[in-house]
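Residue numbers start at 1 and run along the sequence shown. Hydrogens, waters and symmetry mates are skipped; everything else that's a heavy atom, side chains included, is used. Every number for a ligand or one of its atoms is a count from 1 in the order of the listing.
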Amino acid sequence: MPQSAENIKDHISLFSEPEYKELLAQKKANYECRPSDEKVNEQLEYSKTWEYREKNFARTKAVINPHKACQPLGAVFAAAGFEETLPYVHGSQGCAAYFRSHLARHFKEASACVSDSMTEDAAVFGGLNNLVEGLLNAKHLYKPKMIAVSTTCMAEVIGDDLSAFIATAKEKESVPADFPVPFAHTPSFVGSHTVGYDNMIKGIFNYFWDREKGEVKTGASNGKINIIPGFDGYAVANNRELKRYLDAMGVDYTLVGDVSEVFDTPTDGTFRMYDGGTKLDDVRDAINAKATLGLQHYCSDKTLEYVASKGQATASLNYPMGVSGTDAMLMKISELSGKAIPEAIEKERGRLVDAIADSQGWLHGKKAAIFGDPDFVLSMASFLMELGIEPTHCLCTNAGKEWDAQMKAVLAASPFGADCQVWAGKDLWHLRSLLFTEPTDMIIGSSYGKYLEKDTGIPLIRLTFPVFDRHHHHRFPTMGYQGALRTLVEILDRIFEVADASSDISYDLTR
Ligand code: SF4
């Protein structure tokens, strides 16, 4: 027996034992009816060719390994960033189980979210009763201050009207008439999780600014800046970094949808279902801010349009990362708030530039493939070019023509972007073909890139959501000068690991 109490083997080592190797070989030979190894290898080699790449890119219907999630995931994430708020998904409950596990696997943290479990009969008669009972149960069991409702595709396909249903639930006293129940229709067959995030933030503003009777007090500016961070797997550290900058500048602000506490609660004997988040009174008052700034354009498009319709100044950025990305954010905040950027922050910038200069020889001319959400890819490409790295393939499944044009303009602004290509709406199976036919030195993306790494041998650097197979990356920032420094170190580490592994003669102590 390969197993013993003194040396317990897990599945990694156990199935390498001779008994298991023999068993698996027998199974393969006698029962699996597989093609021969030669045939499999032949097909595998063909899948790496230009000819196969052309066939792969001719796909019009099939999607293989897309890098995006559905709208309600973004809505659940957005809702979690408000004070004692319970994300509530109207529709089938399997979706809520998936959203919770998806977020929990990334943050290694509990992720609260409820569903009203619509089933076959609701698909025929509508989900009104589910919502009436669901709100009542959720309010009594989990005692939130706000319940933020989004929808699964089932509820969208049958056309449930959230506004009317919530009004009916309040008439039936599921929750008090003045209890905040903002909502957003989040059809998963439109856009992606970034659109769901946008819809939910807009829905929450809309509740406090238009639907809540007699509460919203508009008038003189409150002198604050609203900041919407967007869907961000690194929000725990990035929001803290952002607040550090804003405090150092003396800016009065409201961070809209702040998940930095709820996705990073301490282990001290008390389970916190809710923690931190944007105060509901601050959301009510956010209508009186001087301006609203979206840190990720493709996560706040509709919200900013709505904010502008209230007569407020708006602006958006594309994930403030790297030197120029952070410069743009700080200068925009300075412009909107009238506050200067202090010397301490300028010094941080200088230290980042110093680090880039120190490592330039190892970075110059390297090639990278990037995938992720639209703002992340834009910003990462721009940062890589600051480092002298060519972002050879910039791929974004949940992007369209606007992003494509913006991305091409970013690449055109630097000589390092000259031979780079933009792939809007493509998936990771497309990226596999690109990496075999036009290889790069690194892949920058999420954990889903590990299969590309395994297939192609090109090292993966995990820098965007989701990171399932490494722990605690989200506790360190990617935004701002500190985030850029951390990103730089991760890129350098992989470059050095490859250098160390590739030569005995040049196995230098000092690099
Ligand atoms: S695509 Fe539809 S069914 Fe699937 S998780 Fe999203 S909302 Fe649920």
(request) Look at atom 3 (S) of ligand 1 and find which of Ala69, Ser188, Ser92, Cys153 reaches it with the closest heavy atom. (result)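 Among Ala69, Ser188, Ser92, Cys153, the closest heavy atom to atom 3 (S) of ligand 1 belongs to Cys153.
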(request) Among all protein heavy atoms, pick the one closest to atom 8 (Fe) of ligand 1 and tell me residue, atom and distance. (result)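 Atom 8 (Fe) of ligand 1 sits closest to the protein heavy atom Cys95 SG, 2.3 Å.
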(request) Give a yes/no verdict on a cation-pi contact between Arg53 and Phe57, requiring under 6.0 Å between NZ or CZ and the six-membered ring centre and an angle within 45° of the axis. (result) yes
(message) Between Glu453 and Lys450, does any side-chain N to carboxylate O distance fall below 4.0 Å?
(response) no
(request) Please check if any side-chain donor atom of Asp301 sits under 3.5 Å from a side-chain acceptor atom of Thr303, or the reverse. (result)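 No.
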(message) Show the atoms of ligand 1 that are less than 4.0 angstrom away from any heavy atom in Thr152.
(response) 7 (S)
(message) Show the atoms of ligand 1 that are less than 4.0 angstrom away from any heavy atom in Tyr98.
(response) 5 (S)
(message) Could you walk me through whether Cys113 and Val89 satisfy the side-chain contact (heavy atoms from CB on, under 4.5 Å) test, starting with their C-alpha distance in whole Å, then the side-chain angles of each, then the deciding distance to 0.1 Å, before giving a yes or no?
(response) CA-CA 7 Å; Cys113 170; Val89 187; 3.6 Å; yes
(message) So, taking the atom named NE2 in His393 and the one named NE2 in His430, what distance separates them when rounded to the nearest 0.5 Å?
(response)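 Those atoms lie 13.0 Å apart.
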(request) Could you tell me whether atom 8 (Fe) of ligand 1 has an N, O or S atom of Cys70 under 2.8 Å away? (result) no
